[in-house]
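Keep in mind that this is a model prediction, so the values were computed, not measured. Reminder, nothing fancy here: chain letters follow the sequence lines and each chain counts from 1.
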Number of protein chains: 2
Amino acid sequence: MKYRKSNANNTCDYEGTLLKINQINAFIAIAEGNGVAGAAQKLYVSQPAITKSISNLESELGVALFDRSKHRLKLNKYGEILLRRAKAAKAELKGALEEITLMKDRSQQSIKFNGSPALIPRLIPKAINLFKLNHPDVHVELAGLLDDNPANKIQALIKGEYDLLITVIDEKVVFRNLCHFSIINKIGVTHDSIFRLQQSIS
Amino acid sequence: MKYRKSNANNTCDYEGTLLKINQINAFIAIAEGNGVAGAAQKLYVSQPAITKSISNLESELGVALFDRSKHRLKLNKYGEILLRRAKAAKAELKGALEEITLMKDRSQQSIKFNGSPALIPRLIPKAINLFKLNHPDVHVELAGLLDDNPANKIQALIKGEYDLLITVIDEKVVFRNLCHFSIINKIGVTHDSIFRLQQSIS
DNA sequence: ATGCTTTACGGTTCCCGTAATAATT
DNA sequence: AATTATTACGGGAACCGTAAAGCAT
């Protein structure tokens with residue numbers, strides 16, 4: 001079976017393997033930065049690698065992308081065209097990467113909590129259900145001993161064993177402040193997430 | 001000298017070599033078409049090649065892009081994210097390719113012209129200079145014999161030996177109509193280009 | 001049994017880095 | 001002399017195709 005779409009003439013009707021990612025990176029780096037040397041430095045590769053990449057790119061495109069007068073690369077009109085599009089494409093890919101990474105990180109997070117035995121059964125189940133409804137991938141777990149004394153639990157929270165603690169100090173519920181502490185210093189969950197949890201607890 | 005940006009932990013601060021073009025193509029083809037088999041057919045590669053490509057992609061991304069229940073690949077939430085962006089990026093690259101190809105084709109065009117010996121020296125030089133200023137890549141050349149009789153030249157123009165003919169019929173310059181003929185039927189140069197030429201001749 | 005996906009394996013190609021060359025300031 | 005871009009060349013990684021195995025319908 002023939003896999004390669006071999007065209008007799010050179011007018012390939014859009015060969016999908018063109019414009020490889022390293023070529024695009026090299027091209028943008030040269031165009032934006034300071035020539036081959038700067039591009040090599042920016043991309044952490046050697047200068048010949050850059051030269052080869054854009055050489056291949058130009059060869060596959062069938063046009064030169066740079067003016068090579070005086071040992072200095074300067075974009076020509078083809079390069080100008082490509083630069084616009086390539087930057088847009090790269091931004092798109094970078095955005096995809098960031099979005100996925102963000103979602104992945106959020107999914108891998110877990111929230112450990114603890115609280116007074118008297119408060120847990122009444123407040124937590126509804127809160128967890130509501131929270132998981134909006135954040136199905138955040139792992140919520142009860143950590144540590146329920147019947148420890150409040151002082152120890154606060155110490156454990158400060159040490160990072162929990163992310164969230166619902167307990168009593170001086171006979172008054174202060175989870176609000178503790179939650180805030182957790183948000184800022186302990187876990188990277190968005191404020192929005194915790195806010196929902198707070199609301200459902202209140 | 002160290003070229004590779006090796007990070008001990010896995011939190012690469014945007015590794016530019018991710019999302020290779022074949023991986024993106026395979027991914028889009030699977031997502032849009034009918035699974036691995038359809039993608040392989042669409043991209044003219046074997047099925048294992050597709051599997052490997054998206055396997056690598058998922059591995060490098062650190063997340064699965066598809067649900068693999070029941071031997072059928074279905075986009076998951078990560079895949080949804082990537083699909084949007086990847087399609088946009090690919091469209092951008094495809095656009096770049098088309099723009100460049102178009103400009104390249106145009107640049108490779110040439111305009112052959114002829115005209116009466118009496119008219120050529122006075123009208124042409126300025127016209128050519130002005131034209132080449134705006135279209136430096138269009139090859140302009142004088143073709144055929146200058147001192148042939150006008151009737152023969154008109155026949156040659158109709159046969160396509162020239163793209164542009166400036167001559168006299170019934171003692172009156174009619175280049176305007178002939179130019180129009182050329183624009184529509186003979187050469188693919190934009191109206192704009194020819195219009196400038198006409199103007200400079202007038 | 002048929003169809004689709006995945007693994008195993010061998011070969012080819014592509015890419016990169018070192019070293020050397022050419023040309024410009 | 002110093003900087004910049006390009007070639008030559010050898011090693012290693014990536015990609016692909018054939019063949020075979022898993023799993024579902």
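- Put simply, CD1 on A:Ile50 is 9 Å from P on C:dG17, counting in whole angstrom units.
- Within 4.0 Å of B:Lys52, counting heavy atoms only, lies no atom of the nucleic acid at all.
- The interatomic distance linking B:Ile54 (CD1) with D:dC15 (P) rounds to 13 Å, in whole Å.
- Between B:Glu99 and A:Arg84, none of the side-chain N atoms (NZ, or NE/NH1/NH2) sits under 4.0 Å from a carboxylate O, so this pair counts as no salt bridge.
- Side-chain proximity of A:Pro48 to D:dA8, C:dC16, D:dC15: nearest is D:dA8.
- The distance between atom OH of A:Tyr44 and atom P of C:dG17, rounded to the nearest whole Å, is 13 Å.
- Closest approach to the A:Thr51 side chain among D:dG17, C:dT7, D:dA5 is made by D:dA5 (side chain taken as heavy atoms from C-beta onward).
- Considering every non-hydrogen atom in both B:Ser53 and B:Asn22, the closest pair reads OG-ND2, 4.2 Å.
- In this structure, the nucleotide among C:dT18, D:dG17, C:dC15 sitting nearest to the side chain of A:Asn56 is C:dC15.
- For A:Ser55, no side-chain nitrogen or oxygen approaches OP1 or OP2 of D:dT7 to under 4.0 Å.
- Relative to the side chain of A:Gln47, the nucleotides C:dT25, D:dT6, D:dC15 differ in distance, and D:dT6 lies closest.
- Across the protein-nucleic acid pair, B:Lys70 atom NZ and C:dG3 atom P stand 19 Å apart, rounded to whole Å.
- At whole-Å resolution of the value, NZ in A:Lys20 and C1' in C:dT13 are 11 Å apart.
- Interatomic distance, B:Leu93 CG to A:Arg85 CZ, rounded to the nearest 0.5 Å: 9.5 Å.
- Computed from coordinates, the A:Leu57 CG to C:dC15 P distance equals 11 Å when rounded to whole Å.
- Between A:Glu60 atom CD and C:dT13 atom P there is a gap of 15 Å when expressed in whole angstrom units.
- Among the nucleotides C:dT6, D:dT6, C:dA22, the one closest to the side chain of A:His71 is C:dA22.
- One finds a side-chain N or O of B:Arg68 lying less than 4.0 angstrom from the OP1 or OP2 phosphate oxygen of C:dT6.
- Remark: B:Asn22 is not in phosphate contact with D:dA14, judged by side-chain N or O atoms under 4.0 Å from OP1 or OP2.
- Distance B:Lys74 NZ to D:dA24 P: 18 Å, rounded to the nearest Å.
- Backbone-only engagement by A:Leu73 is indicated by non-hydrogen atom pairs under 4.0 Å involving sugar-phosphate atoms exclusively.
- Nearest nucleotide to the side chain of B:Val36, out of C:dT5, D:dA14, D:dT6: C:dT5.
- Nearest heavy atom pair, residue B:Ala86 against residue B:Ile24, reads CB-CG2, 4.0 Å.
- Under 4.0 Å is where a charged nitrogen must lie from a carboxylate oxygen, and between B:Lys104 and B:Glu98 no such pair does.
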